[in-house]
Every structure is written in C-alpha cells, then in structure tokens.
Amino acid sequence: MSQTRHRPQVAIICGSGLGMLADTLKCQDSFAYSDIPGFPQSTVQGHAGRLVFGELKGKTCVCMQGRFHMYEGHSLCKTTFPVRVFKLLGVETLIVTNAAGSLADGLQPGDIMIIKDHVNFPGLVGLNPLSGPNDDKFGPRFPAMSGCYDKGLRCLALDIAKQQGVASLMQEGVYAMVGGPNFETIAEARLLHRLGVDAVGMSTAPEVVVATHCGLRVFGLSLITNKVVKSYEDSESVNHEGVLEVGRLRSNTVQQLVTELISRMEINNNNTINNAV
Ligand SMILES: O=P(O)(O)O[C@@H]1C[C@H](O)[C@@H](CO)O1
Ligand SMILES: Nc1nc2[nH]cnc2c(=O)[nH]1
C-alpha cells in the first residue's frame, strides 16, 4: 500500500494477448510480479507479469498484466492469491478476461463472449482454491455460485456494445475451464459441446470462485480466438501464437468496451473487510 497512492475500486485480470488493457490506465504506478511478496511469476507468452495501478474515467483501477494458470504448476491458492490482495486493497468489482476456443456454432474467432456462467471442471473434481480451512474473514465455508457473473454489468456491457456498433460481435455464453496446457481432443470438444459449453479455456473460474466467496462483483468476457476442432475431417489446429494474434486484432474493441463499462459502472464502496481496517 505504501508503494502507490492509488486505492483501487476496480481490478482487471488480462487474459492471453489482452495485456493492452493496462495501457489505458492514466497516472500509472507499475510493479513487476517479481518485486511483490507472495506473487508467483508469469511464465506464459502474452502475460507480461506486471501489476499496474492507475486511473480510468474517474475510477481507480488495478490491472494484472498477466495471470497465473494451474498448468504452470502453481497451486490454485497461488493462482488466485491476487484476488484476495485486491479485496484487501478495497476493490469492489473484478473484471476477468480470457482467450477461449469456441464450441458454439454462433461464436466465431474475433467475437466477444460475455460470460453468463461457468463450468469449473477442476473444481468439480475437488481442485478448488477454497479447499482447506475456510478464512471466515473473507467469506463463508459454503458460498453460493449462482449469479456469480453480475447481471447488471452484463446488461450494461451489451448496451455499450450496441452503442459502439459492435453488438454483432457480442453474445452471452457459458465458459468452461479445463486444466490444460494441451488443447482439446476432438472427443473432448464434442463432449464439452454436448454439455452446453459455449467457450473453453484454461483459467478464470478459480479467480471468480475466490472473488465471489469474498463478495466481489464480477464481470467476465472471453475473446474467442479460435474454433475448437470438433470434426475428424477438419485439418485445422489451434496454437498459442494464433490465440495471441486474435488478441492483437481485437485489442481496440476490447479496450473500448472495458473502458466504457468502467466509466459507467456504479461503485458502492461497500468492501466490508477494507472498511473495517
Ligand atoms: O489466460 P487465458 O485464459 O486468457 O489463456 C488462454 C488459455 C491458455 O493459457 C492460453 C492458450 O493459448 O490462452
Ligand atoms: N482449452 C482451451 N483454451 C483455449 N484458449 C484459447 N483457445 C483455447 C482452446 O481452444 N481451448
């Protein structure tokens, strides 16, 4: 806290190739993860590994330019540690972004999916950042997860997309987290599709679970970077460079959407932990 004058109300976690969201912040203070006690290091290309504080449209923000993934070998506690740091800093709203592959016929590379709900596959088999003793200071032992993606913010984002003339790129959908780091086999892709998953990635759900547990309001979006191959006749295959390239192509659209969302969201300043300190 002593290293920056900013007291953030909004936190943003940048997905693969979406680190440019941090560039929109004004009056920046930035810190390499290696200089922050308790923070792991980013090891994935497209995740710079910096925490950036700054102002955006009258709101104070903190932005993770690079997130931590389970497949990097971090425990889920470590991957989600920054979310609890945000809570303690006074953050009220968390914006999570990611790159994801599409399973839905109506979602094309370059589209933006507003996350309406998620399937946390690691969580379903017991890999959950909330496993272990519960810290009641942050939240209850058995937190509800229905409604974890705030409806008001989802509606606001769709409204903004219409005003910005990008509504045709945008729709709501269900994100599923798988462990990675390999992309899906065709049989896995077909299974996910049948289960009603619209987009699949390797992150986000644990962050949202921890954020919801400690009472943060959450907005999430997936940039669709590729179609997940579902046919044995299809010779296409996905790779991380292609994922980053779509991030670069859509950087302006994502930036404008997130900037306007932050500008128009209401902040209640009802962070109970932070207010008690
Ligand atoms: O951090 P996100 O979830 O955006 O990263 C996605 C999933 C993998 O880490 C990587 C695959 O290209 O992008
Ligand atoms: N699991 C998974 N993660 C991704 N991240 C970006 N594209 C994909 C994908 O097709 N599958």
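Counting starts at 1 for both ligands and their atoms, following the listed order.
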If you measure every N or O of N182 against every N or O of ligand 2, does any of those distances drop under 3.5 Å?
no
Which of the numbered atoms in ligand 2 are under 4.0 angstrom from any heavy atom belonging to M202?
1 (N), 2 (C), 3 (N)
Indicate yes or no for a side-chain donor-acceptor contact from T97 to the backbone of G15 under 3.5 Å, with no hydrogens or angles considered.
yes
Counting each atom of ligand 2 from 1 as listed, which ones have a heavy atom of V228 under 4.0 Å away?
10 (O)
By number and element, which atoms of ligand 2 are closer than 4.0 Å to a non-hydrogen atom of N226?
6 (C), 7 (N), 8 (C), 9 (C), 10 (O)
S203 neighbourhood, listing ligand 1 atoms whose heavy-atom distance to it stays under 4.0 Å
1 (O), 2 (P), 3 (O)
F183 neighbourhood, listing ligand 2 atoms whose heavy-atom distance to it stays under 4.0 Å
2 (C), 4 (C), 7 (N), 8 (C), 9 (C), 10 (O), 11 (N)
Is the F68-Y33 ring centre distance short of 6.0 angstrom?
yes
Give the intermediate values and the outcome of side-chain contact (heavy atoms from CB on, under 4.5 Å) for residues R67 and N98.
CA-CA 10 Å; R67 67 146 53 84; N98 60 57; 3.9 Å; yes
With a 4.0 Å heavy-atom cut-off (strictly under), which part of N98 contacts ligand 1: side chain, backbone, both or neither?
both
Contacting atoms of ligand 2, where contact means under 4.0 angstrom from a heavy atom of A99:
5 (N), 6 (C)
Near V178, which atoms of ligand 2 are under 4.0 Å from a heavy atom of that residue?
1 (N)
Checking heavy-atom distances from atom 6 (C) of ligand 1 to each of S16, A100, G46, the winner is S16
Which is closest to atom 7 (C) of ligand 1 in terms of heavy atoms, M202, E207, H240, R67?
M202
Contacting atoms of ligand 2, where contact means under 4.0 angstrom from a heavy atom of G201
1 (N), 2 (C), 3 (N)
Tell me whether K227 is salt-bridged to D234, with the criterion being a basic N under 4.0 Å from an acidic carboxylate O.
no
Atoms of ligand 2 under 4.0 Å from any heavy atom of T225, numbered from 1 in the order shown, are 6 (C), 7 (N)
